[in-house]
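Nothing fancy with the numbering, it's 1 onward along the sequence. Bear in mind that the values here come from a model prediction, so they are computed numbers and not experimental data.
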Amino acid sequence: MTITPTLAERTRERNEHVWHASGALLYAGRIDEFLEYWQPDGRFEAAYPVEGLPAVVEGREALAAVFGGLSAVATSIQAHDVRFHQTDDPDVAFVEERMVAELVGGGRYENRLVIRVTFRDGLIAELLEYYGQVAHARLAAHPAA
């Protein structure tokens, strides 16, 4: 007997794949490829904005600048303890992770994140990111930033 995955299971697998594949490209500094997993009008919002960084970023050009800035200040970025939680809404998931980056010129960024991810047509449409503001403010103030 063959068990066929349900639509909900296939959607979760697709969304989780998009999340992990896009993240791997981001952490490798391959920003153009990373943005191929985003809608052209994609939106990033920080729930707790920090001085020096925009609270809301919209569109691929602006997203490229922000995420490219992150990869430019880091010699390496890794995500640990990643937990993907698909909701009953096929277009919404929550992701928990611990991001660790070794920074250009020395230093380290480490932060725990919770992100509400909204998908549209199989691509990322919006991120609403909750993170520790103190660590993020230190990253924004890093000399390489």
Q: Check the pair Leu35 / Leu63 against side-chain contact (heavy atoms from CB on, under 4.5 Å), numbers first and verdict last.
A: CA-CA 8 Å; Leu35 289 172; Leu63 291 166; 3.9 Å; yes
Q.
Could you walk me through whether Leu26 and Ile31 satisfy the side-chain contact (heavy atoms from CB on, under 4.5 Å) test, starting with their C-alpha distance in whole Å, then the side-chain angles of each, then the deciding distance to 0.1 Å, before giving a yes or no?
A. CA-CA 6 Å; Leu26 171 64; Ile31 303 306; 3.8 Å; yes
**Q.** Residues Met99, Tyr109; criterion side-chain contact (heavy atoms from CB on, under 4.5 Å); working and verdict
**A.** CA-CA 8 Å; Met99 183 184 287; Tyr109 169 77; 3.8 Å; yes
Q.
Does Leu123 form a side-chain contact (heavy atoms from CB on, under 4.5 Å) with Val18? I'd like the steps, not just the answer.
A. CA-CA 7 Å; Leu123 297 174; Val18 165; 5.6 Å; no
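Taking Phe44 as the reference, Phe67 meet the ring-ring contact (aromatic ring centres under 6.0 Å, His included) condition, with sequence neighbours excluded. Here Arg116 pairs with Val92, Phe94, Thr118, Glu126, Leu128 under the side chain to side chain contact (heavy atoms under 4.5 Å, CB included) rule; sequence neighbours left out. For Ala125, the side chain to side chain contact (heavy atoms under 4.5 Å, CB included) test picks out Gln39, Arg120, with sequence neighbours left out. For Ser22, the side chain to side chain contact (heavy atoms under 4.5 Å, CB included) test picks out Phe34, Tyr37, Ile124, with sequence neighbours left out. For Glu102, the salt bridge (charged side-chain N to carboxylate O under 4.0 Å, His left out) partners at least two apart in sequence or on another chain are Arg108. Qualifying side chain to side chain donor-acceptor pair (under 3.5 Å) partners for His85, counting only residues two or more places apart in sequence or in other chains: Glu96. For Asp81, the side chain to side chain donor-acceptor pair (under 3.5 Å) partners are Arg98, not counting sequence neighbours. Scored by the side chain to side chain contact (heavy atoms under 4.5 Å, CB included) test, Thr4 finds no partners at all (sequence neighbours excluded).
A tilted orientation is assigned to the rings of Phe119 and Phe84, their planes being inclined by 30° to 60°.
Atom CZ of Arg12 sits about 14.0 Å away from atom CG of Leu7, to the nearest 0.5 Å. With values rounded to the nearest 0.5 angstrom, His80 atom NE2 is found 10.5 Å from Arg112 atom CZ. Going from atom CZ of Arg14 over to atom CH2 of Trp19 covers 15.0 Å, rounded to the nearest 0.5 Å. Between atom CD of residue Glu45 and atom CD of residue Glu129 there is a gap of 11.0 Å, rounded to the nearest 0.5 Å. Remark: Gln86 CD to Asp91 CG distance equals 8.0 Å, nearest 0.5 Å.
No continuous path of hydrophobic side-chain contacts links Tyr130 to Val100 [ILVMFWY only; heavy atoms under 4.5 Å]. One hydrophobic cluster, built from ILVMFWY side chains closer than 4.5 Å, cannot hold both Val114 and Val56; they sit in different ones.
Residue pairs meeting the salt bridge (Lys or Arg N to Asp or Glu O under 4.0 Å) criterion with at least one member in residues 63-80, sequence neighbours excluded, do not occur. Screening residues 24-37 for salt bridge (Lys or Arg N to Asp or Glu O under 4.0 Å) gives Arg30-Glu33 as the qualifying pairs, with residues at least two apart or on separate chains. Contacts classified as salt bridge (Lys or Arg N to Asp or Glu O under 4.0 Å) and involving residues 56-66 (residues at least two apart or in different chains) are given here: Arg43-Glu58.
Considering every non-hydrogen atom in both Thr11 and Pro90, the closest pair reads CG2-O, 3.4 Å. The two residues Pro5 and Arg10 make their nearest non-hydrogen contact at O-NH1, 2.8 Å.
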